Amino acid sequence: MLDIQSIREDFPILASQVHGKPLIYLDNAATTQKPRSVVERIENGYYHVNANIHRGVHFLSQAATEAHEEARKTVQRFIHAYSSNEIIFTRGTTEAINLVASSFTEACLCEGDEIILSEMEHHSNIVPWQMQAARKGITIKFIPVTETGELCMDTYRSLFSERTRLVSVTHVSNVLGTVNPVREMIDFAHSREVPILLDGAQAVSHIPVDVQELDVEFYVFSAHKLYGPTGIGVLYGKEDWLDRLPPYQGGGEMIATVSFEKTTFNELPFKFEAGTPDYIGSTAFAAAIEYVEKLGLSHIAAYEQELLTYATEQLSAFEGLRIFGQAPDKSAVLSFLLRDIHPYDMGMLLDRLGIAVRTGHHCAQPLMKALGIEGTVRASFAVYNTKEEIDRLIEGVDRVAGMF
């Protein structure tokens, strides 16, 4: 259903050379490349519709405001939110989690209360909660990961107590590729009257997300992993929850009235968007969503699964190769180690062949400790990758293996 060669032509960087070799970009879990339509939307915004939004009465301000709010509606449609008031623009997944951690802790947590995370979380979904735990005296519990890279659901259920106030877990692991059983997790949390936050940074570019169908309280993700610009992301929150939480930052835009005696806060979504927003980034974000929607996420998911299956089969032929993450429901991430070759050595030598992979702990040091390793080599796939590129990866790994 997808014309991959035509898609590749939408991404000029893929025609680049690295160290005299054609670029093979397999670091998509860190950030995806950007299609022409996204970059053109940025250029058009700065050249033709650039003015500060919401408060101006002149033409450019009105046009920029309309484009920004239309982008909010595009995000709303993409994740099937009930209202555009539930879409908060942030600087990315990290800021969105920090926002919830700060505001939820302030409004809803007392000393001795508990939250549940998992061993496979990105640092962005660990450190903000640890900071709040140190400030407020809350307890963090962790769901362990099985040998196949799945969450231990029996332990998950056993972690709940009368002091459990929130669950915050990743939808898809950035290291293991595991697609977690989030609907089951949400249902159980709700049976105990506990809300849940999902880190969707690794999910939204690979699988369809319907926040109403999931019935999730908070969902966060970034534009730059979805073929969009850097520096902008989204916090989705159910409107009743966002109404209950205090603002994360103070300043312009998030206020209704200000006097030296008292400030009253703006309505949603502006209560959580202090200062001038990235109104250029938001429209480029919308262009990225439109690009993905034109291709069809179901088609993208099916094609990426082909790539993942092919790469897994090819890599598995190497003697002494370990793949981390063998869950039956898995996204387009492949983390591995070959014998005792250090992942940095593998990554640096593959780079000399024009092949970009990620190496190290992938901002998931607790998971690495649970796995008993220091780090991995990670190849992650996007819709513009090909089996021919995977063949080049396999040739490169074989070449590096021969050097050791």
Side-chain angles (χ1 to χ4, degrees), residues 29 93-94 96-102 104-105 108-203 216-220 324-327 329-331 333 335 360-376 378:
T93 303
T94 299
I97 294 173
N98 274 273
L99 189 163
V100 176
S102 176
F104 187 89
T105 299
C108 304
L109 297 182
C110 300
E111 184 176 354
D113 284 343
E114 301 169 355
I115 64 169
I116 296 174
L117 311 180
S118 84
E119 285 185 339
M120 66 171 65
E121 299 309 313
H122 190 282
H123 294 165
S124 295
N125 199 28
I126 298 175
V127 178
W129 298 109
Q130 289 176 330
M131 293 170 66
Q132 296 303 323
R135 183 176 71 87
K136 204 83 176 260
I138 60 178
T139 299
I140 304 175
K141 297 180 176 180
F142 292 91
I143 314 163
V145 176
T146 68
E147 290 184 359
T148 57
E150 300 170 85
L151 294 180
C152 182
M153 293 299 290
D154 288 339
T155 304
Y156 168 66
R157 288 182 281 268
S158 72
L159 291 176
F160 282 78
S161 76
E162 69 278 359
R163 298 302 300 268
T164 304
R165 298 291 180 261
L166 181 76
V167 176
S168 186
V169 294
T170 187
H171 193 165
V172 175
S173 168
N174 73 309
V175 176
L176 307 170
T178 305
V179 181
N180 285 319
V182 293
R183 183 65 221 226
E184 179 184 349
M185 300 178 77
I186 292 167
D187 288 345
F188 185 81
H190 287 178
S191 74
R192 305 296 296 268
E193 298 184 346
V194 173
I196 192 164
L197 179 151
L198 292 181
D199 174 357
Q202 297 294 334
V216 65
E217 279 71 29
F218 305 103
Y219 198 94
V220 298
F324 298 90
Q326 302 277 5
D329 193 3
K330 183 175 173 179
S331 189
V333 171
S335 289
H361 54 65
H362 315 299
C363 294
Q365 286 180 307
L367 175 60
M368 296 300 152
K369 183 177 181 180
L371 296 172
I373 57 177
E374 293 292 324
T376 72
R378 185 185 70 189

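Computed from a prediction, not measured in an experiment: that's the story for all the values here.
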> Of all the heavy-atom pairs spanning Arg378 and Ser335, show the shortest one and how long it is.
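Shortest heavy-atom separation between Arg378 and Ser335 comes out as CG-OG, 3.6 Å.
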
> Side-chain contact, heavy-atom cut-off 4.5 Å: Gln326 with Glu147?
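No - every pair of side-chain heavy atoms lies 4.5 Å or more apart.
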
> Under a 3.5 Å distance rule, please check whether Thr178 uses its side chain to pair with a backbone N or O of Ala327 as donor and acceptor.
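Not at all, since once roles are kept as given, no pair shorter than 3.5 Å links the two residues.
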
> Does a side chain donor of either Gln202 or Ser331 reach within less than 3.5 Å of an acceptor in the other side chain?
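No, Ser331 and Gln202 have no side-chain donor paired with an acceptor closer than 3.5 Å.
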
> Any side-chain donor-acceptor pair under 3.5 Å between His190 and Glu217?
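On atom types as modelled, these side chains qualify, holding a pair under 3.5 Å.
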
> By side-chain hydrogen bond (donor to acceptor under 3.5 Å, both in side chains), which residues pair with Thr155, not counting sequence neighbours?
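Checked Thr155 against side-chain hydrogen bond (donor to acceptor under 3.5 Å, both in side chains); zero matches.
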
> Under 4.5 Å between any side-chain heavy atoms of Ile115 and Leu109, yes or no?
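Heavy-atom side-chain distance check passes, below 4.5 Å.
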
> Is the closest side-chain heavy-atom distance between Arg163 and Thr139 below 4.5 Å?
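No; the side chains remain at least 4.5 Å from each other.
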
> Heavy atoms only: give me the nearest His122-Asn174 pair and the separation to one decimal.
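It is CD2-ND2, 3.8 Å.
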
> How are the rings of Phe188 and Phe160 set relative to one another: parallel (under 30°), tilted (30 to 60°) or perpendicular (over 60°)?
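If you compare the ring of Phe188 with that of Phe160, the planes turn out perpendicular.
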
> Grab the two heavy atoms, one from Ala203 and one from Val172, that are nearest each other, plus how far apart they are.
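Shortest heavy-atom separation between Ala203 and Val172 comes out as CB-CG2, 3.8 Å.
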
> For the residue pair Ala201 and Thr93, what are the closest heavy atoms and their distance?
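Result for this residue pair: CB-OG1, 3.6 Å.
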
> CG of Leu197 to NE2 of His171: how many Å apart, nearest 0.5 Å?
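Result: 12.5 Å between the selected atoms.
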
> Going by the salt bridge (charged side-chain N to carboxylate O under 4.0 Å, His left out) test, which pairs reach into residues 118-139, not counting sequence neighbours?
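Matches after skipping sequence neighbours: Glu106-Arg135.
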
> Any salt bridge (charged side-chain N to carboxylate O under 4.0 Å, His left out) pairs touching residues 165-182, not counting sequence neighbours?
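For residues 165-182, and leaving out neighbouring residues, the salt bridge (charged side-chain N to carboxylate O under 4.0 Å, His left out) pairs sorted by first residue read Asp113-Arg165.
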
> Measure the spacing between CZ of Arg192 and OG of Ser161 and express it to the nearest 0.5 Å.
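Reported to 0.5 Å precision, the distance equals 7.5 Å.
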
> Keeping the roles fixed (side chain from Lys330, backbone from Gly325), state whether a donor-acceptor pair exists under 3.5 Å.
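Here the side-chain-to-backbone pair exists.
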
> Atom CG of Asn180 and atom CG of Asp199: how far apart are they, to the nearest 0.5 Å?
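So the CG of Asn180 and the CG of Asp199 are separated by 10.5 Å.
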
> Considering residues at least two apart in sequence or located in another chain, which fulfil the side-chain hydrogen bond (donor to acceptor under 3.5 Å, both in side chains) criterion with Ser158?
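By the side-chain hydrogen bond (donor to acceptor under 3.5 Å, both in side chains) rule, Ser158 matches no residue at all.
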
> Is the shortest side-chain heavy-atom distance between Tyr156 and Val167 below 4.5 Å?
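In contact.
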
> Taking ring-ring contact (aromatic ring centres under 6.0 Å, His included) as the cut-off, I'd like each qualifying pair that reaches into residues 124-153, sequence neighbours left out, listed once.
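As it turns out, there is no ring-ring contact (aromatic ring centres under 6.0 Å, His included) pair with a partner in residues 124-153 once direct neighbours are skipped.
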
> Rounded at 0.5 Å granularity, tell me how far CD1 in Ile140 sits from CG in Leu166.
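Here the interatomic distance stands at 11.0 Å.
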
> Considering all heavy atoms of both residues, which atom of Ser118 and which atom of Leu151 are nearest to each other, and what is their separation?
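Nearest heavy atoms, Ser118 then Leu151: CB-CD2, 3.6 Å.
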
> Please tabulate, for the side chains in residues 363-374, all donor-acceptor contacts under 3.5 angstrom to protein atoms that are two or more places apart in sequence or on a different chain.
none

> Please round to the nearest 0.5 Å and tell me the distance separating atom NE2 of His362 and atom CG of Leu176.
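Answer for the NE2-CG pair, His362 versus Leu176, is 9.5 Å.
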
> Mind running side chain to side chain contact (heavy atoms under 4.5 Å, CB included) on Met120 and Val175 for me, showing each step along the way?
CA-CA 8 Å; Met120 66 171 65; Val175 176; over 6 Å; no

> Under 4.5 Å between any side-chain heavy atoms of Asn125 and Thr170, yes or no?
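Answer no - side chains too far apart.
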
> Begin from the C-alpha positions of Ile143 and Val169 and carry the test side chain to side chain contact (heavy atoms under 4.5 Å, CB included) through to its verdict.
CA-CA 9 Å; Ile143 314 163; Val169 294; 4.0 Å; yes

> Closest heavy-atom contact between Ala96 and Val220?
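What the structure gives for the nearest pair is CB-CG1, 3.4 Å.
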
> Nearest 0.5 Å, please: how far is CD1 in Ile196 from CZ in Phe218?
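It is 11.5 Å, given to the nearest 0.5 Å.
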
